[in-house]
Undergrad: 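One structure is given below, represented as structure tokens, and several questions about it will come after.
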Protein chains: 2
Amino acid sequence: MSTDTITVPVTVADHQNCPATSVLRRVGDKWSVVILSVLGHGAHGFNELDRSVEGLSRRMLTRTLRGLEEDGLISRTHHPSVPPRVDYALTDLGRSFLEPVRALGLWALAHRSDLEAAHTRNR
Amino acid sequence: MSTDTITVPVTVADHQNCPATSVLRRVGDKWSVVILSVLGHGAHGFNELDRSVEGLSRRMLTRTLRGLEEDGLISRTHHPSVPPRVDYALTDLGRSFLEPVRALGLWALAHRSDLEAAHTRNR
DNA sequence: CCGTATCCGTAACGATACTG
DNA sequence: CAGTATCGTTACGGATACGG
């Protein structure tokens with residue numbers, strides 16, 4: 001890794017294989033962080049989550065939950081009762097993930113006025 | 001951004017007005033973080049950036065630079081010389097932004113094996 | 001209660017060609 | 001050197017309806 005000045009060619013392969021890239025993309029998608037935050041308060045069922053986040057469709061909830069589960073950030077526990085119950089909860093990995101994500105959120109909050117100023121200046 | 005236990009209905013308006021949301025989406029887009037990182041090594045010209053990041057088209061470079069500039073994360077300085085020279089550089093805001101972003105990158109690196117394990121397990 | 005399947009519109013992204 | 005214009009493709013997200 002290079003040290004110096006210019007010409008550090010970042011390859012496409014580097015970019016796609018980089019473990020940070022997929023993480024960054026997950027952070028950028030519309031609902032993942034919201035859902036993780038809600039689950040930070042404790043386990044929830046599917047419809048519970050659906051109702052907790054206004055504007056979130058069941059389709060996107062399903063897809064987001066599957067993605068988070070594939071990344072190992074949340075767990076899915078199916079209780080074959082009547083009525084059926086499924087609990088979604090943060091894993092340890094998910095909890096630790098929320099730390100840097102919160103740091104980013106705090107940064108946004110702390111620099112809110114700077115961001116707004118820049119945005120109005122360039123218009 | 002409220003506070004407690006369950007049923008904190010997150011409204012669509014909250015989500016879109018939240019200063020963190022736009023920041024998170026910027027982090028999630030394909031090239032912003034890469035460009036910011038390269039600019040972390042020092043100022044660069046347009047074609048210099050284009051060559052530094054393989055796979056990045058001029059079109060996306062332009063658009064990403066404009067976006068970062070609108071957010072006040074980078075500065076654009078035009079020197080009307082011959083040949084023309086334009087310098088892109090991090091602003092103070094941009095430099096401070098890289099800190100939480102790097103924290104996220106370090107998290108990804110530190111938990112790389114966990115992420116891979118989860119991903120293979122669910123397949 | 002917990003999802004899936006289908007359709008559709010928009011926005012992101014990439015390739016290519018051209019300009020001051 | 002530093003871009004813009006145009007076009008085509010793919011990914012993301014929402015609405016609706018149906019199934020276990």
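Because the structure is predicted, anything quoted here is derived from the model rather than measured. Convention: sequence-line order gives letters A, B, ...; per-chain numbering from 1.
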Undergrad: Can you tell me how far P of dA5(D) sits from CZ of Arg66(B), to the nearest Å?
TA: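 Nearest whole value for this atom pair: 11 Å.
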Undergrad: Nearest heavy-atom pair of Ser57(A) and Asp50(A): which atoms, and what distance?
TA: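 Of all heavy-atom pairs spanning Ser57(A) and Asp50(A), the closest is C-OD1, 4.2 Å.
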Undergrad: Check the distance between dC1(D)'s P and Leu61(B)'s CG and give it to me in whole angstrom.
TA: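 From Leu61(B) CG to dC1(D) P: 13 Å.
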Undergrad: If a protein heavy atom is under 4.0 Å from the base, mark B; if only from the sugar-phosphate, S; if neither, -; do that for nucleotides 9-20 of chain D going 5' to 3'.
TA: ----BBB-BB--
Undergrad: If a pair means Watson-Crick or G-U wobble with both distances below 3.5 Å, what does DNA chain C look like in dot-bracket form, with | marking bases paired to a different strand?
TA: |.||||||||||||||||||
Undergrad: dC2(C) P sits how many Å from Leu65(A) CG, rounded?
TA: 11 Å
Undergrad: In whole Å, what is the span from the CZ atom of Arg26(B) to the C1' atom of dA11(C)?
TA: 14 Å
Undergrad: Can you measure Arg51(A) atom CZ to dG3(C) atom P for me and round it to whole angstrom units?
TA: 13 Å
Undergrad: Measure the distance from CG on Asp50(A) to P on dG3(C) and round it to the nearest whole Å.
TA: 11 Å
Undergrad: Closer than 3.5 angstrom, by distance alone: can the side chain of Asn17(A) be matched with the main-chain N or O of Ala13(A) as a donor-acceptor pair?
TA: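 Yes, because the side chain of Asn17(A) sits within donor-acceptor range (under 3.5 Å) of the backbone of Ala13(A).
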Undergrad: Ignoring hydrogens and angles, tell me if any N or O in the side chain of Thr91(B) forms a donor-acceptor pair with the backbone of Leu73(B) under 3.5 Å.
TA: yes
Undergrad: Is there a side-chain contact between Tyr88(A) and the phosphate of dG3(C), meaning an N or O under 4.0 Å from OP1 or OP2?
TA: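 So the side-chain polar atoms of Tyr88(A) do come within 4.0 Å of the phosphate oxygens OP1 or OP2 of dG3(C), strictly under.
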Undergrad: So, His15(B) side chain and Lys30(A) main chain: donor-acceptor pair closer than 3.5 Å or not?
TA: yes
Undergrad: Roughly how far, to the nearest 0.5 Å, is CG of Leu61(A) from CD1 of Ile35(A)?
TA: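 Separation between the atoms: 5.0 Å.
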Undergrad: Write down the distance between NE2 (His78(B)) and C1' (dG3(D)), rounded to a whole number of angstrom.
TA: 10 Å
Undergrad: At what distance, to the nearest 0.5 angstrom, does CG of Leu24(A) lie from CG of Asp29(B)?
TA: 10.0 Å
Undergrad: Yes or no on salt bridge (charged side-chain N to carboxylate O under 4.0 Å, His left out) for Glu116(A) and Arg112(A), after CA distance, side-chain angles and deciding distance?
TA: CA-CA 6 Å; Glu116(A) 284 173 359; Arg112(A) 169 172 214 162; 3.5 Å; yes
Undergrad: Nearest-Å distance, CG (Asn47(A)) to P (dG3(C))?
TA: 9 Å
Undergrad: Does dA2(D) have OP1 or OP2 sitting under 4.0 Å from an N or O in the side chain of Thr62(B)?
TA: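 No, no such contact exists.
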Undergrad: Between the main-chain N or O of Val12(B) and the side-chain N or O of Glu54(A), is there a donor-acceptor pair closer than 3.5 Å?
TA: yes
Undergrad: Using 30° and 60° as the class boundaries, would you call the ring planes of Phe97(A) and Trp107(B) parallel, tilted or perpendicular?
TA: tilted
